[in-house]
Amino acid sequence: PTVRPSYPPYPPAPAPIPAPPKTLNFTAPVSGAKLVLGTDNVISWNKETGMTGALYLVNAADDSIVGWISQTAVHQTSYAWNTRDLFVTRTSPSKKTVAVGAYVVKAIFDGGKPISSIMSAPFTIIYPNEVTINTYTFTNKNYTFTPSAATAKKGSKLIFTNNDPVAITLTLTSFSPMTIQPGDSLNFDTSVLTPGSYNFYSEKYPTLKATVTVQ
C-alpha cells in the first residue's frame, strides 16, 4: 500500500479581536439612579477617549452648569465622586456644596473631534434619610418557607416569620444559629453579606430552607 506522508495539524485560527465600542457613552449613573448626598458614587463611561477632559454637573431642569466634578485623563474610564462637593470652575480649587435635586453629568473632551462631549442619563441626589430599604419576607408554615428563594440588593432586610407551633433554628454558614419562637420574626440585614448566593436552612427540618441571592 502507498504510504502517505503525515503533516502536522494546522494551528487553530486566532480568536477575533473584539472591536472597540463605536460610540462613547456613560455607563453610570444609570437612568433614575438615586445617589445619596455625601457618599462616593462611581461615574463611568464605556471606553478610553485618548483625550483629557472634565466632568461637570448640570441641572436637569434648565441645563445650567451647577459645578465641576473632576478633570479626566486620557486612559480614564471612571471616577469616584463624593456627591457632597463640586468645584466652582474647571480649574479652581474652590468648592461649593451640592443641593439635592435632579441632575445629569456631562463630560467635555479637549480633542474636540470626533467626540466633543457626552451626557449621562438623568438621576437624583437625595438626603441620607430618604434612602428606601427594601424588605423581603419569608413566612414559615408547615416547616416550609414561602417564598423559597429571592434576589435582594445588598443592604436589604430579610424578615423570617415563624407561623409553626414550635421554635425553629436557622443556620447560615459563618453565622451563629438563629432561633425564632412561634409567632415571632427574625430580621436579617444583608449589609453584612458580600454579593453571592446564601442558604438559610434548618438542620432539624430539611424542608425548611430559603435561598437568597445578594446583588
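Heads up: numbering here begins at 1 and tracks the sequence.
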message = According to a hydrophobic-cluster definition based on side-chain heavy atoms being under 4.5 Å apart (Ile, Leu, Val, Met, Phe, Trp, Tyr only), do Phe123 and Ile126 belong together?
response = no

key: Gap between atom OH of Tyr201 and atom CD1 of Ile168 - 0.5 Å precision   = 14.0 Å

Within-4.5 Å side-chain heavy-atom neighbours: Trp45 and Thr72 = yes

query = Quick one: are Tyr205 and Val166 in side-chain contact, heavy atoms under 4.5 Å?
reply = yes

remark   = Residue set satisfying ring-ring contact (aromatic ring centres under 6.0 Å, His included) with Tyr136, at least two apart, ordered chain then number -> none

request  = List the steps, then state whether side chain to side chain donor-acceptor pair (under 3.5 Å) holds for Thr39 with Asn41.
outcome  = CA-CA 6 Å; Thr39 63; Asn41 293 272; 3.1 Å; yes

key: Test side-chain contact (heavy atoms from CB on, under 4.5 Å) applied to Thr190 and Leu158, step by step   = CA-CA 7 Å; Thr190 61; Leu158 309 179; 3.7 Å; yes

ask   = With a 3.5 Å cut-off and no angle check, do the side chains of Asn46 and Thr27 form a donor-acceptor pair?
value = no

request  = Please tell me if the side chains of Leu35 and Tyr103 come closer than 4.5 Å, counting only heavy atoms from C-beta onward.
outcome  = no

Check: Asn199/Thr211 side-chain N/O donor and acceptor closer than 3.5 Å = yes

ask   = What pair of heavy atoms forms the shortest contact from Thr213 to Ser197, and how long is it?
value = OG1-OG, 4.1 Å

query = Within a strict 4.5 Å, meaning less than it, do heavy atoms of the Val105 and Leu57 side chains meet?
reply = yes

query = For residues 143-157, which residue pairs qualify under side chain to side chain donor-acceptor pair (under 3.5 Å), counting only residues two or more places apart or in two chains?
reply = Lys157-Asp189

Contacts of type side chain to side chain contact (heavy atoms under 4.5 Å, CB included), residue Lys204, not counting sequence neighbours = Ser202

request  = Examine Tyr198 and Met178 and state if one hydrophobic cluster contains both, with Ile, Leu, Val, Met, Phe, Trp and Tyr joined whenever side-chain heavy atoms are less than 4.5 Å apart.
outcome  = yes

message = Do Val36 and Thr83 have side chains that approach each other closer than 4.5 Å (heavy atoms only, starting at C-beta)?
response = no

message = Measuring only between side-chain heavy atoms, which start at C-beta, is Asn140 closer than 4.5 Å to Asn163?
response = no

task = Quick one: pull up CZ in Phe109 and OG in Ser117 and give me the separation to the nearest 0.5 Å.
result = 8.0 Å

message = Return the CG to OG distance between Leu193 and Ser174, rounded to the nearest 0.5 Å.
response = 10.0 Å

task = Provide the closest heavy-atom pair for Asn59 versus Val66 in the form atom of the first, atom of the second, distance.
result = N-CG2, 3.5 Å

task = Mind checking the NZ-OG1 spacing from Lys209 to Thr171? Nearest 0.5 Å is all I need.
result = 13.5 Å

request  = Any chance you could pull the hydrophobic cluster mates of Ile133, using side-chain heavy atoms under 4.5 angstrom and chaining through other members?
outcome  = none

request  = Kindly indicate whether the side chain of Val214, heavy atoms from C-beta on, has any atom under 4.5 Å from the side chain of Thr194.
outcome  = no

message = Going by side-chain hydrogen bond (donor to acceptor under 3.5 Å, both in side chains), name the residues that satisfy it together with Tyr79, two or more places apart in sequence or in a different chain.
response = none

message = Run the salt bridge (charged side-chain N to carboxylate O under 4.0 Å, His left out) test on Arg84 and Asp40 for me, step by step, so that the C-alpha distance in whole Å, both residues' side-chain angles and the decisive distance to 0.1 Å come before the verdict.
response = CA-CA 9 Å; Arg84 182 185 60 247; Asp40 288 339; over 6 Å; no

key: Taking every non-hydrogen atom, the tightest pair across Ala121 and Val30   = CB-C, 4.0 Å

task = Go through the structure and list residues passing ring-ring contact (aromatic ring centres under 6.0 Å, His included) with Trp81, not counting sequence neighbours.
result = none

key: Residues clustered with Met119, ILVMFWY side-chain links under 4.5 angstrom   = Tyr56, Val58, Ile65, Trp68, Phe87, Val104, Ile108

message = Please check this pair: side chain of Asp85 against backbone of Lys95, looking for a donor-acceptor N/O pair closer than 3.5 Å.
response = no

key: Shortest non-hydrogen separation from Ser191 to Gly155 and the atoms involved   = OG-CA, 3.3 Å

task = Can you run down the ring-ring contact (aromatic ring centres under 6.0 Å, His included) pairs that involve residues 156-187, sequence neighbours left out, and say none if there aren't any?
result = Phe138-Phe160, Phe145-Phe160, Phe160-Phe200, Phe175-Phe188

task = Flag the pair Leu24 / Ile118 as yes when at least one side-chain heavy-atom distance between them is below 4.5 Å, and no otherwise.
result = yes

query = What heavy-atom pair brings Arg90 and Ala54 nearest, and what distance separates the two atoms?
reply = NE-CB, 3.5 Å

ask   = Rounded to the nearest 0.5 Å, what separation is found between the CD1 atom of Ile43 and the CG atom of Leu55?
value = 5.5 Å

ask   = Partners of Val100 by side chain to side chain contact (heavy atoms under 4.5 Å, CB included), sequence neighbours excluded?
value = Leu37, Tyr127

message = Could you work out, with side-chain hydrogen bond (donor to acceptor under 3.5 Å, both in side chains) as the rule, every residue matching Thr124, not counting sequence neighbours?
response = none

ask   = Hey, is the main chain of Gly50 close enough, under 3.5 Å, to the side chain of Glu48 for a donor-acceptor pair?
value = no

request  = List in chain and number order the residues that pass side-chain hydrogen bond (donor to acceptor under 3.5 Å, both in side chains) with Thr139, two or more places apart in sequence or in another chain; answer none if no residue qualifies.
outcome  = none

remark   = Sorted by chain and number, sequence neighbours left out, side-chain hydrogen bond (donor to acceptor under 3.5 Å, both in side chains) with Thr77 holds for none

Interatomic spacing from CD1 in Ile180 to OG1 in Thr169 - rounded to 0.5 Å = 8.5 Å

key: Any side-chain donor near an acceptor of the partner, Ser44 and Ser78, under 3.5 Å   = no

